[in-house]
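For reference, the structure is listed below as structure tokens.
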Amino acid sequence: MALFDGIPEKNDRREESIHERISTVMTVEHLKIRYDELLVVEDLSLNLSQGEILSLVGPSGCGKTSIIKAILGLIPYEGNVKLFTSRVGYCPQKDILFDWMTVYENAILPLILKKERSPSNLKELFKRFGLSGFENKRPYQLSGGMRQRLSLLRAVLSGDELLILDEPFSSVDAYTRKKLQIWLSEEVYRMQSSVVLITHDVEEAVLLSDRILVLSNRPSKVLEEISVPLPKPRTLKTLTNPKFSQIEEGILEILMNQS
Ligand SMILES: Nc1ncnc2c1ncn2[C@@H]1O[C@H](COP(=O)(O)OP(=O)(O)OP(=O)(O)O)[C@@H](O)[C@H]1O
Ligand SMILES: [Mg+2]
């Protein structure tokens, strides 16, 4: 049975046993993606547990965005994708904010589309996402960091159980990026969301994740799975933890040594 709207019917997304639902938010088995003759993903399997942050790190063009689109049922694929929640928020690589709508309207767009009522903590969410007082502005009146937070707020209002974030901080400067990463770590920890994070920034992956899948060049496959056993939520101090640089170096080595 399909658990998420817009899923290609040919794919298998059966409801699983109650036991599996408790701990697992998503499973992907033997995913294969091709665009006509171009084989992008060969054979990718992964799972995501409740409250876990999983990053996919890989070179540009290896198929990270395609994997996310397949998971969301936006493009055809072979293999099995199972989502155990329908409360899914998606933050695309390029933000899709509408300048003819206010910041408030942009944020609550998923609620309007799903004909859902606003959550009782909406005001507090605007505050936590640093958008309080800007509700009646337009996206072009926001800073880059604020636009990113607005995109993330929209994703959270779409569904905060599983957040799928595609390079959410790629368009901001290094300092804003670091601030947003620490902020996101706190927010996700507070919401107990499960997250799939796409990034080609190894430091970002180590800073935010519980687990990292290092992907190869196209056709992409998992080169290595790496655990990040650092305390959460992550802070600036995490960056100076010796384990942090050890893990970061290890990943860079894997990426650079691939043929
Ligand atoms: N709609 C499409 N039609 C044909 N080819 C596509 C399409 N979308 C992506 N591709 C190709 O698939 C490959 C993977 O693209 P994808 O956007 O998934 O990579 P990525 O890992 O997200 O890259 P980046 O890090 O630059 O965002 C690329 O070679 C790209 O040209
Ligand atoms: Mg991409």
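Both counts, for ligands and for their atoms, begin at 1 and track the order of listing.
- Looking only at atom types and distance, the side chain of Q258 has no donor-acceptor partner in the side chain of S216 under 3.5 Å away.
- For atom 31 (O) of ligand 1, no protein heavy-atom neighbour is present inside the 4.0 Å cut-off.
- In this structure, the protein non-hydrogen atom closest to atom 25 (O) of ligand 1 is K64 NZ, 2.7 Å.
- Among protein heavy atoms, atom 29 (O) of ligand 1 sits closest to R218 NH1, 2.8 Å.
- Neither the backbone nor the side chain of K69 has any atom closer than 4.0 Å to an atom of ligand 1 (non-hydrogen atoms only).
- Contact of the L109 side chain with the M101 side chain is registered, since non-hydrogen atoms from C-beta on lie closer than 4.5 Å.
- A donor atom on one side chain and an acceptor atom on the other are not found under 3.5 Å apart for K243 and Q246.
- The pair E42-K32 does not meet the salt-bridge criterion, since no charged nitrogen lies less than 4.0 angstrom from a carboxylate oxygen.
- At least one N or O atom of G61 sits closer than 3.5 Å to an N or O atom of ligand 1.
- Ranking protein heavy atoms by distance to atom 17 (O) of ligand 1, first place goes to T65 CB, 3.7 Å.
- Nearest protein neighbour of atom 27 (O) of ligand 1, counting heavy atoms only, is Q93 NE2, 2.9 Å.
- Nearest non-hydrogen protein atom to atom 26 (O) of ligand 1 is S60 OG, 2.6 Å.
- Other cluster members for Y189: none, since no ILVMFWY side-chain heavy atom sits under 4.5 Å from it.
- Note on E186 versus R190: no salt bridge recorded, every NZ/NE/NH1/NH2 to OD/OE distance being 4.0 Å or above.
- In terms of protein heavy-atom proximity, atom 10 (N) of ligand 1 is nearest to Y35 CE1, 3.4 Å.
- Counting only protein atoms, the N, O or S atoms lying less than 2.8 Å from the Mg ion (ligand 2) are T65 OG1, Q93 OE1, ordered by chain and residue number.
- Considering backbone and side-chain N/O atoms, L38 never comes within less than 3.5 Å of an N/O atom of ligand 1.
- Side-chain contact check for S66 and Y35: at least one donor-acceptor pair (N or O, by modelled atom type) lies under 3.5 Å.
- Set against the non-hydrogen atoms of E167, the atoms of ligand 1 under 4.0 Å away are 25 (O).
- The pair D160-R87 counts as a salt bridge, with a side-chain nitrogen and a carboxylate oxygen less than 4.0 angstrom apart.
- Ion pairing between R147 and D95 holds under the 4.0 Å rule for side-chain N and carboxylate O.
- Through direct or indirect side-chain contacts shorter than 4.5 Å among Ile, Leu, Val, Met, Phe, Trp and Tyr, Y175 is connected to no other residue.
- Protein heavy atom in closest approach to atom 16 (P) of ligand 1: S66 OG, 3.7 Å.
- Under the 4.0 Å criterion applied to side-chain N and carboxylate O atoms, K178 and E204 are not assigned as salt-bridge partners.
- Heavy-atom proximity to H200, at under 4.0 Å, picks out these atoms of ligand 1: 25 (O).
- Heavy atoms of V40 found under 4.0 angstrom from ligand 1 belong exclusively to the side chain.
- With a 4.5 Å cut-off between side-chain heavy atoms of Ile, Leu, Val, Met, Phe, Trp and Tyr, the cluster of F244 takes in V57, I182, V202, V206, L207, I212, V214, L223, I226, V228, L230, L236, L239, I247, I251, L252, I254, L255.
- Between L165 and I198, the closest side-chain pair of non-hydrogen atoms is not below 4.5 Å.
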